[in-house]
Amino acid sequence: MTKKDHVREAIQKISNNTGQKEIIIFYCHTGWKKINNEWVYLSGGGAIGSAKDVNVSLPQNFHRYNLPKQSENEVEAIRISLSFLELADREITLPLYSFLFLSVLTTLLKPIPNFSAYLYGDTGTFKTTLSLMLLSHFGDFTDPQELSNFEDSANSIEKNGFLLKDNLMVLDDHHPSIKKVDADSKKNLAQRAIRAFANRTGRGRLNADTTLKATYFPRGLLLVTGEEIITLQSTLARVMIVEINKGDVNKARLTELQSKASLLPHAMTSFILWVKRNMEEITSNFKSQFVELRGVAGVDGLHGRYPEQIAFLQYGLNTIASWLIDKGIFLEQEAEELTAVGWNIFKKVAENQNKRLEREDPMKRFAEIIQTAIAQGKAKLEHKGEYRNEIRGGEFGELIGYFDDCGIYYLLPEAVWNLLSKFCIGQGEHFPISRQSFYRQLQVKGIIEAGQGQTTKQERIRGQNKRVLKIIKPEIFEDMQELTVQEEMEI
């Protein structure tokens, strides 16, 4: 247990007796770094854009992140890189391509990109292969070995995201699991990684002596591939989902690109050197351009995070277009056509994502569960009148509330929450928010009429005062009015 202290003491004593020491600095991460007042991009092979030798020592599992210091066969390499866009429909390839080059700019941009990409599709749709083609822009990624995956620990993924600065990190293969505990583990890992990359936060931890350990927060961009999609609404808002189906990828073009993948790092080096030459313009003008793009992208009904995603992706594509013009690959008209197509695609991706988000709205889920339970006869609503014997739902179902002739519903808070919880458990899931958050959202969204300082309200029901959730927007229960109502009992 004391060996490390003996070694430390020996180093200190010997060092003090050797006179002049040589100090060698090793950088253990990728990405942009200002060294001797000069911007350089660190990769496994050293510093791109530096006239001097810079020592970079990446962990063993990052040995493939190795870019050439100078771009060879530059024009051919850039054209090979652009051929990625032809592997499938541009609604698939263009968002991924823009995301790839945006990753190089991550920490240069203020505000920093606050979303991840999610390549979603069934097995056999070439999700991992497309990811490898993107990663091949940073080195030799011809096979999926050593990619981060859902068997890794959350802490290792967190640290990898910190070390891969201004780089693309792939979290591969979010697939279904037979065991619930494995499925829950994958979901939790995906949620944690996506939120960390969006919020740029790390998990604080303590040493044995209660001092703080170093916090590792993500400094690049994350691409997740998976056959299952995340469902928690707040996390879903932090991803750009690109959906891919069987037959979407052109296999012949994919094979051709794979055969020339060794040129892709030279295209990325070309882009990095171009960014270095235009660093001042990029860092000084980004914020105003981003605000303008975000303002144009914002439309009514779109979640607040999606205009930002559109703006980041469009800025990334605009930057790519400027690089291509300067390198003589595109004429200005060709670049304008590409960015115009990209704008429409990015908006469509965001709109589709917004629809997914609406489907995962806890309020919509609440309404669906109530309607299903009533329709199946597992729950019932009674008329609130003292001498009325009308029922909606099953006669022997669990009583969860009341209704009146004006279409207002008076739900019993405990009964409703128990129903939601039991229903979700039966589906192998849980209701996405806590009980108090659920009540608060009902109030904030104007679905209930709240009491004085409370979410529940006291109402006179069947001759008694009861505290209920008074639903004043009955339209959320679209099909409830169509359910069978028993005839009123004659008094």
Side-chain angles (χ1 to χ4, degrees), residues 231-234 236 303 357-489 491:
T231 56
L232 189 63
Q233 191 184 37
S234 60
L236 198 58
H303 189 281
L357 200 65
E358 290 174 352
R359 291 197 294 269
E360 297 300 329
D361 185 349
M363 299 301 100
K364 189 175 182 64
R365 184 71 174 136
F366 150 68
E368 289 173 347
I369 292 174
I370 296 296
Q371 290 179 126
T372 300
I374 295 289
Q376 292 177 343
K378 295 179 179 179
K380 67 179 179 181
L381 297 167
E382 296 179 352
H383 198 286
K384 68 172 290 194
E386 188 172 359
Y387 302 108
R388 303 280 289 272
N389 199 33
E390 301 165 37
I391 297 175
R392 290 179 180 171
E395 183 179 358
F396 301 104
E398 180 183 356
L399 177 65
I400 61 169
Y402 306 88
F403 64 94
D404 63 18
D405 294 331
C406 297
I408 304 299
Y409 295 99
Y410 308 84
L411 303 183
L412 299 169
E414 294 294 334
V416 166
W417 183 254
N418 288 338
L419 174 63
L420 296 177
S421 300
K422 288 191 294 185
F423 188 94
C424 289
I425 290 172
Q427 299 291 315
E429 56 188 35
H430 69 278
F431 198 67
I433 56 177
S434 68
R435 176 165 54 179
Q436 292 305 319
S437 295
F438 166 58
Y439 293 159
R440 174 169 171 73
Q441 282 203 25
L442 287 173
Q443 180 180 358
V444 169
K445 295 187 176 183
I447 297 173
I448 62 173
E449 180 183 306
Q452 188 70 26
Q454 300 184 60
T455 50
T456 57
K457 196 171 191 299
Q458 189 163 287
E459 291 285 335
R460 190 73 176 172
I461 296 177
R462 289 185 169 264
Q464 297 180 349
N465 290 329
K466 295 181 182 290
R467 283 219 158 263
V468 295
L469 296 167
K470 185 177 180 181
I471 307 293
I472 57 175
K473 282 189 176 180
E475 59 269 20
I476 69 169
F477 301 120
E478 298 173 357
D479 304 322
M480 200 83 88
Q481 302 292 345
E482 300 176 6
L483 299 174
T484 303
V485 180
Q486 294 188 9
E487 293 295 330
E488 181 179 349
M489 178 183 289
I491 305 301

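The model shown is predicted, which means the values in this text are computed figures rather than measured ones. Numbers here are sequence positions counted from 1.
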Geometric class of the F438/F431 ring pair [parallel <30°, tilted 30-60°, perpendicular >60°]: perpendicular
How long is the span from the [atom1] atom in [X] to the [atom2] atom in [Y], to the nearest 0.5 Å?
X	Y	atom1	atom2	result
Q443	T456	CD	OG1	10.0 Å
K473	L442	NZ	CG	11.0 Å
I476	I448	CD1	CD1	10.0 Å
L469	I447	CG	CD1	10.5 Å
Q454	R467	CD	CZ	4.0 Å

Stepwise side chain to side chain contact (heavy atoms under 4.5 Å, CB included) check, K380 with I400: CA-CA 6 Å; K380 67 179 179 181; I400 61 169; over 6 Å; no
Exercise: identify the closest heavy-atom pair between P474 and G407: CB-O, 2.9 Å
Minimum heavy-atom distance between Y439 and P413, given as atom pair plus value: OH-O, 3.3 Å
Modelled atom types, side-chain donor and acceptor of Y410 and D404, under 3.5 Å: yes
F366-F477 aromatic ring centre distance below 6.0 Å: yes
H383 ring center within less than 6.0 Å of Y402 ring center: no
Atom CZ of R462 with >12 non-hydrogen neighbours under 6.0 angstrom: yes
Whether over 12 other heavy atoms sit under 6.0 Å from K378 NZ: no
Audit row: M363, E368, side chain to side chain contact (heavy atoms under 4.5 Å, CB included) steps and yes/no: CA-CA 9 Å; M363 299 301 100; E368 289 173 347; over 6 Å; no
Side chain to side chain contact (heavy atoms under 4.5 Å, CB included) between I433 and Q441, worked out: CA-CA 10 Å; I433 56 177; Q441 282 203 25; 3.9 Å; yes
Test log, rule salt bridge (Lys or Arg N to Asp or Glu O under 4.0 Å), inputs E398 and K422: CA-CA 12 Å; E398 180 183 356; K422 288 191 294 185; 3.5 Å; yes
R460 side chain to G463 backbone, donor-acceptor under 3.5 Å: yes
E390/R388 under salt bridge (Lys or Arg N to Asp or Glu O under 4.0 Å): CA gap, chis, key distance, verdict: CA-CA 6 Å; E390 301 165 37; R388 303 280 289 272; 2.8 Å; yes
